[in-house]
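This report concerns only the one structure given below.
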Amino acid sequence: MEYNFTEIEKKWQARWAKDKTFKAADVSDKPKYYVLDMFPYPSGAGLHVGHPLGYIASDIMARYKRHKGFNVLHPMGYDSFGLPAEQYAIQTGQHPKITTEENIARYRQQMDKIGFSFDWDREVRTSDPEYYKWTQWIFIQIFNAWYNKTSDKAEDISTLVKQFETSGNATINAVCDEDTPSFTAQQWKAFSEKEQSDVLMKYRLAYLGEAYVNWCPALGTVLANDEVKDGVSERGGHPVERKLMKQWSMRITAYAQRLLDGLDTIDWTDSLKESQRNWIGRSEGTSLRFKIAVTSSNPKNEGVSRSEIEVFTTRPDTIFGVSFVTLAPEHELVEALTTDEQREVVNRYVETAKNRSERERQADINKITGVFTGSYVIHPFSGKQIPIWIGDYVLAGYGTGAVMAVPAHDSRDYSFAKHFKLPILEVVAGGDLEKESYDAKEGKLINSDFLNGLDVKDAIKTAIKEIEKRGIGKGKTNYRLRDAVFGRQRYWGEPIPIYYKNGIPYALSDNELPLILPEVDKYLPTEDGEPPLARASSSWKYKGEFDYEFSTMPGWAGSSWYFLRYMDAHNGLQFADKKLTDYWQQVDLYIGGSEHATGHLLYVRFWTKFLKDLGYINIEEPAKKLINQGMIQGVSNFAYRLLFNTAEEGAVEYPAEIIRQIPPVFFSKSYYDRWKKENKYKVDINNYLKKLNEDIKIKFPDFKGVIESDIGFQTIYVDVNIVENDILDIEKFKDWREDYHNAEFIFDEGKYVCGSAVEKMSKSKYNVVTPDLVCEKFGADTLRLYEMFLGPLEQSKPWNTNGITGVSGFLKKLWRLFYNVTQSGVEGLSVTDLEPTKAELKTLHKTIKKITEDIERFSFNTSVSNFMICVNELTDLKCNKRAILEPLLVLISPYAPHITEELWEQLGHTESIAFAEFPMCNDNYLVDDAFNYPISFNGKTRLQIEFPATHSIQQIEQEVMAREDVQKYLEGKTPKKVIVVQGRIVNIVV
RNA sequence: GCCUUUGUGGCGGAAUUGGUAGACGCGCUGGUCUCAAACACCAGUAACUUCAAGGUUGUGUCGGUUCGAGUCCGACCGGAGGUACCA
C-alpha cells in the first residue's frame with residue numbers, strides 16, 4: 001500500500017470530529033495545560049500560509065502535552081468585528097454579518113484541512129450576541145468602578161458614593177480627572193443628579209470625557225494611539241488629525257504601574273516587554289509651579305496673578321539653567337497670558353498650530369516655530385523674570401503641557417533658544433555649548449547657588465527636597481501611556497450599553513443585555529455627522545423613549561477577555577463560571593504576532609487585572625508564556641507596463657479611439673532595470689514606438705500624430721499564482737484581468753521575467769499564498785512539517801516551497817519503514833515483534849532525547865531534522881521492529897498527526913494515538929562501546945585514541961599520560977592539567 | 001536618535017552549558033535504473049591548494065579574555081522590528 005495522504009487525512013479529520021477526540025474536560029484528575037492562539041480576524045482573502053505557522057506550533061504543543069498526560073485546552077475562535085467587513089458593506093451594501101459569516105466558513109474549511117486538534121465545541125465569535133453580551137457586561141463593570149489608590153485596585157463605584165456621602169472627596173485617594181473640584185459631604189448631597197453624574201464621570205474607569213483624540217475623517221471615526229502609525233491610520237492609511245471630542249475612554253492609566261510591574265512576572269520575550277515598557281513610558285521627575293509676574297505691559301495679568309504655570313521636569317537639578325518657559329499652543333493659560341502687543345501674532349500662531357494635522361506636525365519635526373506671549377514668570381529661587389513662550393514642540397497631552405526650558409541641557413530647548421536667540425545658561429559642567437546641548441545626566445553643578453559642586457544625581461535629590469520644602473512642587477511620576485479611547489463611530493462593533501436620560505448616561509442592567517446591534521439602512525454616518533447607529537434611532541430606543549449611545553466599541557474590546565470565555569464558552573448566566581476560571585487559570589502558552597505588542601496585549605492585561613480586582617477571576621496576568629511567531633512574508637511579482645502620454649499632457653491630441661486601440665504593452669524586467677539604472681530605455685522603447693506608429697499609420701491613415709512615451713513604466717502587481725520562478729504565464733495573465741486580454745509582451749530570451757520583492761502578504765499585493773494548494777499537492781502533514789522546517793518559529797521569513805520535496809520525501813520514507821517494498825511497489829505490513837538491536841535502540845533513544853528537548857524549548861525546526869536523521873538511520877538498519885517503530889510514531893504524531901494515526905491503527909491499536917504515552921529516553925542506550933577521543937596539543941598535533949566507554953575520566957587521564965607519543969611530546973615536563981570535556985580529552989596544558 | 005533583535009556555504013538553516021563549525025533539507029555535479037522522462041537509490045559538494053595523503057584560510061569588521069571563541073567582553077559596520085519633539 002502506498003502512502004495516500006488525501007484519503008488518510010480525510011479519514012482522520014472526519015473521525016476526530018465525530019469522536020470529539022480533542023474535547024477538553026471541565027473536570028479532570030490530570031494537570032491542566034492551556035495553549036492559546038491569537039484568534040484571527042476573518043478577512044476576505046482567506047487564511048494564508050502565514051496564519052498556520054503559529055497554529056501548527058501551538059497544535060504541536062497541545063498534542064505533546066496530551067501525550068504527556070495533561071488535560072489540554074486548545075480552542076479557536078474569531079475576532080469577527082472589524083473595519084474591512086464594514087468597508088465592504090459600504091461599497092456593496094452587503095450586511096457585514098453575511099460577509100463575516102462567509103469568511104468564517106472559509107477559514108474553518110481551511111483550518112480543518114490542516115488537522116488541528118482544536119476543541120471546536122468552545123468556538124467563540126466576538127460578533128455573536130451571546131458573546132458580546134458579556135463584553136457589554138464587562139464594560140458596565142468598568143463603568144461602575146473607580147480606582148482606589150490606597151488599596152491599589154479597582155472598586156465598585158458604590159464604595160466611592162458612600163465616601164462622598166460621609167466625607168466628601170477630600171480624603172479620597174483615587175485616580176481621576178485633573179480638574180476634579182473638591183467638595184464636602186453636604187455639597188455632594190446638594191448636587192443635582194446631573195451634577196453627581198458629572199462628578200462620578202471623573203472617577204469612573206470607563207468614562208465619557210473630553211479629550212484630544214485621533215480623528216480620521218476618511219474613516220469617520222476616532223482611533224486609538226496604537227491604531228495610528230506615522231500619522232496615518234493603520235488600516236487604510238488615511239490621514240489622522242487631532243481633535244478635541246467627547247468620547248468614551250478607558251482609564252487604563254490607573255493601571256500603568258501595575259502593567260509595568262507585572263511584566264517582571266511573566267515569561268514573554270524581552271523585546272515585547274521592552275515595547276510595552278516604552279509604551280507605558282514611566283518617567284520620574286518633579287512637578288514645579290512658576291508664579292506669573294505682573295508687569296505694566298500686561299495689566300490683564302492681575303487677573304491671573306494668582307495663577308501659576310505648572311511644569312513637569314525630570315531634571316529639577318537644572319532649575320538655575322531655566323531661561324524661558326514654553327507652553328503648548330493648546331495650553332489653557334495662553335489666552336490670559338498674551339499681552340495686547342503680542343495678541344495678533346499669538347492668535348495667528350495658535351490657529352495654524354491647531355489646524356496642523358498630526359502628519360504635518362511630524363513631517364516638519366525639525367522646523368522650529370514659536371512665539372513670545374509678552375508675559376513672564378518669576379524664577380522661584382533667583383526671583384528673576386523669565387519670558388513665557390509658546391511652541392508646538394511642547395505637547396498638550398503630556399505632563400502639564402508646559403515645560404521649563406533649559407537650553408543648555410536639553411536638545412529641543414537648545415534648538416529653540418538658538419533659533420530665537422534666547423540665553424543659554426550652563427549649569428552642569430562638561431559640555432561644549434557652542435556646538436550642542438549637554439544632555440547627559442553626569443557632571444558637577446555650577447552657577448546654581450545651593451546646588452553648586454554637587455553631582456547631577458545628588459543635585460536632583462537636593463533640588464526636589466528644596467522644592468518640596470518651599471511648597472512649590474513635588475516629586476512626581478509621569479506616564480506616557482494615555483487613556484484608551486473606547487468609542488468608535490462605526491457600525492460593525494459591539495453597541496455600548498448606555499442610554500441617555502436628560503443628558504445623563506445610564507448603564508443598562510444585567511438582564512437587559514445583550515443590547516443587540518440594530519439594523520440600519522446604510523453603513524455610513526448620518527447627514528448630521530452622527531455615527532451610523534443614529535440611523536436606527538427612530539425605532540431603536542431604550543424603553544421606546546431614550547436614545548442609546550451611538551458609538552460602538554473598538555476592535556480590541558472583544559479580544560480583551562476572550563481567553564476567559566473559552567473556559568466556559570456557553571455559559572448564559574456568567575461570562576465564565578468562577579469554578580472553571582479557577583481551574584484553567586492563566587494561559588500557559590500564548591502564540592501570536594508581535595504586532596499586538598502595544599495594543600491587544602496591553603488591553604488584555606488591563607482587563608484581566610480589572611476583573612481580578614473585582615473578584616471575578618483570581619489571576620493577575622492573562623498569559624504565563626508568550627511566543628511571537630514570525631511573519632511569513634509573501635514574494636510579490638511585478639510586471640512593467642509602458643505608459644503613453646495622455647492627451648492632457650502631450651502636445652499632440654490623440655483621438656480616443658486610437659488610444660483605445662493600442663494594446664497594453666509589458667516590458668520584461670531587464671528592460672525596466674536598464675531604464676531605471678542607465679536611462680537607456682530610449683533604444684528599447686523607441687523600437688517599439690516606431691513599430692507601433694507604423695501599425696497605426698496603416699490602420700488609421702488619417703491620423704497624422706506620433707504616439708510617444710516620456711513617462712516610462714508603471715509597475716503593477718501580478719498575482720503570484722500565475723508566476724513561476726519569476727516567469728509569467730502569459731495566457732493566465734491575459735485571462736486574469738479583462739483589460740489585459742490583448743496585452744503585448746517584450747520578452748527576455750523568449751520569456752517574460754517579472755520583478756519580485758519580499759513583502760507582507762496582502763490581498764492588494766496579489767502575493768497571498770493559501771495553504772490549500774500545498775495540502776492538495778503534498779498533504780497536510782507535509783505542510784505542517786514544512787512550515788516548522790522553514791526556520792525558527794520566531795523569525796520572519798519569506799514563503800517559498802523550494803525545500804518541500806525533502807519533507808514530503810521524509811513522510812514517504814517513514815511510511816515505507818512499515819511496509820515490505822518489492823519490485824512492484826509497496827506491499828503488506830512488515831512490522832515484527834522481534835527484539836530490537838542495540839543500534840536500533842540507540843537511534844530511537846537519541847531521537848527521543850532530542851525531540852523532547854526540541855519541544856521543550858520550542859525549537860520545532862530542528863526536530864524535523866532529527867526525525868529525518870532517525871528515519872534515515874532506521875532505513876539503513878532495515879529496522880522493522882514494533883518496539884522501535886511504535887514509540888517513533890508517538891514522537892512524530894504531534895507534527896504529522898494524520899499519517900501517524902493511520903499507521904498506529906494499522907499496528908492494531910483501537911484508541912487514538914493522541915493519548916498514547918510519550919516515550920521516555922533511556923540514557924543507557926546512548927552509550928557507545930568505544931569513542932574516539934581526539935587529543936590536541938595546543939592545537940598543533942592531533943591523535944585519535946580509543947577508550948572503552950567503561951573507563952572513568954581518571955582512567956583515561958592515566959592512560960593518556962602513559963602513552964609514548966604523549967610522553968614524547970611532554971619532553972619530561974609534568975602537565976599542569978589535562979582538560980577533559982564531555983568525556984573526551986581535548987587538551988594537555990604544559 | 002533611543003530600545004529590541006539579527007549577521008554562519010549557492011540557498012533555508014544546525015551547533016542546549018565556550019570543546020572536531022556547516023547537522024538536516026534544498027540546489028548543484030556525477031552515477032545506477034529507464035527507449036526516454038519522472039520517481040527512487042548511491043556518491044560528492046565551505047573556500048584555496050595538492051595527482052593524492054595532506055596543508056592553509058574560514059561564522060559581518062577590528063581588537064581582547066581563554067589551552068580552546070560562531071558562542072564571552074570592548075569598539076565599529078550592515079539588515080529587521082519597535083518608538084519618539086514624552087520635557
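The chains referred to below are lettered A, B, ... by the order of the sequence lines, with proteins before strands, and numbering in each begins at 1.
- T326(A) comes within 4.0 angstrom of no nucleic acid atom, judged by non-hydrogen atoms across all strands.
- For Y479(A) and T253(A), the side-chain atoms include no donor-acceptor pair closer than 3.5 Å.
- Closest contact between the side chain of S865(A) and the listed nucleotides A87(B), A23(B), G13(B) involves A23(B).
- The partner of A47(B) is U56(B), by the rule that a Watson-Crick or G-U pair needs both atom distances under 3.5 Å.
- Across all strands shown, G68(B) forms no Watson-Crick or G-U wobble pair with both key distances under 3.5 Å.
- Ring pair H600(A)/H596(A) is perpendicular by interplanar angle, where above 60° counts as perpendicular and below 30° as parallel.
- Of the candidates C26(B), U16(B), U4(B), the closest approach to any side-chain atom of R857(A) belongs to U16(B).
- Atoms NE2 (H600(A)) and C1' (G82(B)) sit 18 Å apart, rounded to a whole Å.
- When the nucleotides C3(B), C24(B), A87(B) are ranked by their closest atom to the side chain of N278(A), C3(B) comes out on top.
- Side chain of P792(A), nearest nucleotide from A40(B), A14(B), C85(B): A14(B).
- Between the P atom of G13(B) and the CZ atom of F867(A) lies a distance of 20 Å, rounded to the nearest Å.
- Nearest-nucleotide assignment on RNA chain B puts the 5′-proximal partner with S859(A), out of S859(A) and T805(A).
- If you take CH2 of W268(A) and P of G81(B), they are 22 Å apart, rounded to a whole angstrom.
- Counting only heavy atoms from C-beta on, S271(A) has its side chain closest to U4(B) among C3(B), U4(B), C86(B).
- S796(A) places a side-chain N or O within donor-acceptor distance of the main-chain N or O of M631(A), the cut-off being under 3.5 Å.
- Distance from the side chain of E853(A) is smallest for U16(B) among the nucleotides U16(B), A15(B), A84(B).
- Between F860(A) and I60(A) the shortest side-chain heavy-atom distance falls below 4.5 Å.
- A donor-acceptor distance shorter than 3.5 angstrom exists from the side chain of D439(A) to the backbone of S411(A), with no hydrogens or angles considered.
- Nucleotide U5(B) forms a Watson-Crick or G-U wobble pair with G79(B), both donor-acceptor distances falling under 3.5 Å.
- Closest to the side chain of S283(A), out of A87(B), A40(B), G12(B), is A87(B).
- Side chains of Y393(A) and D413(A): a donor-acceptor N/O pair is present below 3.5 angstrom, by distance only.
- Of all nucleotides listed (G13(B), A40(B), U83(B)), G13(B) comes nearest to the side chain of Q795(A).
- Using a 4.0 Å heavy-atom distance criterion, N861(A) is classed as a sugar-phosphate-only contact.
- In G30(B) the base sits anti relative to the sugar, since the glycosidic angle is further than 90° from 0.
- With a cut-off of 3.5 Å on both pairing distances, A84(B) has no Watson-Crick or G-U wobble partner at all.
- Closest approach to the R816(A) side chain among A40(B), U5(B), C85(B) is made by A40(B) (side chain taken as heavy atoms from C-beta onward).
- In terms of position along RNA chain B, the nucleotide closest to S796(A) lies nearer the 5' end than the nucleotide closest to the other residue of the pair V864(A) and S796(A).
- Across the protein-nucleic acid pair, R480(A) atom CZ and G82(B) atom P stand 14 Å apart, rounded to whole Å.
- Taking the C1' atoms as reference points, G63(B) lies 35 Å from U45(B), given to the whole Å.
- Put simply, CZ on F810(A) is 14 Å from P on C24(B), counting in whole angstrom units.
- The nearest whole Å value for the distance from the CE atom in M631(A) to the P atom in U6(B) is 17 Å.
- Of the nucleotides present, A40(B) is the one that pairs with U32(B) by Watson-Crick or G-U wobble criteria, both distances under 3.5 Å.
- Within 4.0 Å (heavy atoms only), K813(A) reaches sugar-phosphate atoms of the nucleic acid but no base atom.
- Nearest heavy-atom pair, V769(A) versus W799(A), reported as atom, atom and distance to 0.1 Å: CG1-NE1, 3.7 Å.
- Side-chain proximity of E274(A) to A23(B), A87(B), U4(B): nearest is U4(B).
- Within 4.0 Å (heavy atoms only), N872(A) reaches sugar-phosphate atoms of the nucleic acid but no base atom.
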